[in-house]
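The structure appears below as structure tokens.
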Amino acid sequence: MAVGYQDYYEALGVPRDASNEDIRRAYRRLAREYHPDVNKDPGAEDRFKEISEAYEVLRDPDKRERYDRLGSNWRSGQDVSGTPGFEEYFRQGRGAPGGFEDVRVEFDGDGDFSDLFEGLFGGRGGRRSARRAANHEAVLELDLEAAARGGRRRVTLGDGREFEVDIPPGVRDGQAISVPGGNLLLRVQLRPHRRFRFRGDDLETDVEVAPWEAALGAEVRVPTLDGGARVKVPAGSSCGRRLRLRGAGLGGSDLYAVVKIVVPKKLSKKERELFRQLADTSTFDPRRS
Amino acid sequence: MPTLALVRMNGRLDTLAREAGMHPDLVARFIRLGLVDPAEPGAGAQLAQAARLRRDLGIGYSGAVLACQLLARIDELETRLRRYER
């Protein structure tokens with residue numbers, strides 16, 4: 001995440017008193033516009049990350065409340081990844097619209113989630129519930145960290161039934177988990193993560209380095225699913241160099257730290273002088289290899 | 001014989017699933033919806049794209065397939081357009 005303070009409401013272009021529905025609509029509209037698969041502009045990906053991060057927080061009533069109260073420090077004092085959040089609570093049929101974005105229940109068959117969304121949030125109502133009431137499939141949304149850790153979780157259905165579910169560590173997007181005793185299959189859906197992205201089976205994260213660190217080499221901290229690790233950036237690393245952290249991905253896959261060289265926006269006098277000196281001395285021409 | 005074909009298909013599904021970082025069931029679902037021909041090169045990338053679109057845009061499976069196909073079509077048209085403009 002960028003170090004600077006990001007106003008999540010501004011990122012989504014909604015007022016501070018926006019309803020969940022407004023927030024969802026704004027996110028969907030912006031996501032359609034800036035999704036890197038749709039928009040090839042170089043800046044689109046960063047914008048999309050910004051939008052996703054904002055939505056991730058504002059759609060969750062707990063996180064939103066904290067954010068409203070604490071601003072950019074909303075994360076402090078709380079290990080968000082380990083807190084059982086709304087994702088464990090399922091609700092079937094038409095629930096109260098407030099805050100149940102995370103909750104998606106899908107009935108067997110090739111149904112689309114969006115249909116159910118409409119069922120939940122108005123629009124066409126529970127048409128689908130008449131179809132094959134048994135053999136439910138529900139979507140369990142998980143953070144990447146929770147998926148990596150796995151473990152036992154309590155799942156509450158809308159009708160009040162509760163189940164203990166064992167989530168296998170390293171569970172994948174789309175993987176099914178059967179609920180013992182319940183006629184229910186949980187389909188894992190991994191939330192987009194603000195720091196990690198998938199590349200095939202492996203994970204990638206950006207590691208920001210200063211130009212001199214990239215040139216001279218450095219040891220830097222890289223976020224991992226279980227906290228962080230120190231990684232040696234070899235001298236002479238250009239942007240895009242992929243440093244492998246073996247086994248640090250999801251379920252034993254690898255994590256790659258991708259070098260991203262960041263230049264200070266403003267140089268001090270001394271820095272400018274040193275860069276000037278370097279520019280005058282160096283014979284390096286990146287455009288001629 | 002049909003059993004053999006099924007096994008072969010499943011092997012391909014698993015490979016594709018690994019390539020796309022997806023669950024084989026999800027791959028099978030997209031294939032049933034006609035997103036890709038599993039034998040085609042580049043099928044893994046298309047599957048991954050469909051999965052991303054579905055996850056990030058809140059669209060359904062068939063919507064994601066349509067979006068993918070339209071995006072591919074736009075790519076193709078833009079390539080052709082560039083050729084004409086040169």
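- Top candidate by heavy-atom pairs under 4.5 Å with chain B, chosen from S253(A), G200(A), S52(A), P36(A), is G200(A).
- Within residues 39-50 of chain A, the residues having any heavy atom closer than 4.5 Å to a heavy atom of chain B are K40(A), F48(A), listed by residue number.
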> Checking side-chain contact (heavy atoms from CB on, under 4.5 Å) for the pair R197(A)/R52(B): CA distance, chi angles, key distance, verdict?
Replying inline: CA-CA 11 Å; R197(A) 54 187 179 267; R52(B) 281 195 301 272; over 6 Å; no
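- Contact annotation for L190(A): only backbone heavy atoms (N, CA, C, O) come within less than 4.5 Å of a heavy atom of chain B.
- Interface remark: Q49(B) contributes backbone and side-chain atoms alike to the contact with chain A (heavy atom separation under 4.5 Å).
- Closest approach of L53(B) to V38(A), counting heavy atoms only: CD2-CG2, 3.9 Å.
- Proximity to chain B at a heavy-atom threshold of 4.5 Å picks out D173(A), G174(A), Q175(A), A176(A) from residues 170-178 of chain A, in numerical order.
- Evaluation of the ring-ring contact (aromatic ring centres under 6.0 Å, His included) test over residues 13-32 of chain B, restricted to residues two or more places apart or in two chains, returns F30(B)-Y61(B).
- For the salt bridge (charged side-chain N to carboxylate O under 4.0 Å, His left out) condition, the pairs that include at least one residue of residues 59-74 of chain B, sequence neighbours left out, are R73(B)-E76(B).
- Considering CZ of R187(A) and CG of L26(B), their distance stands at 7.0 Å, rounded to 0.5 Å.
- D56(B) touches chain A through backbone and side chain together, each having a heavy atom under 4.5 Å away.
- Using a 4.5 Å cut-off between heavy atoms, L57(B) touches chain A through backbone and side chain atoms alike.
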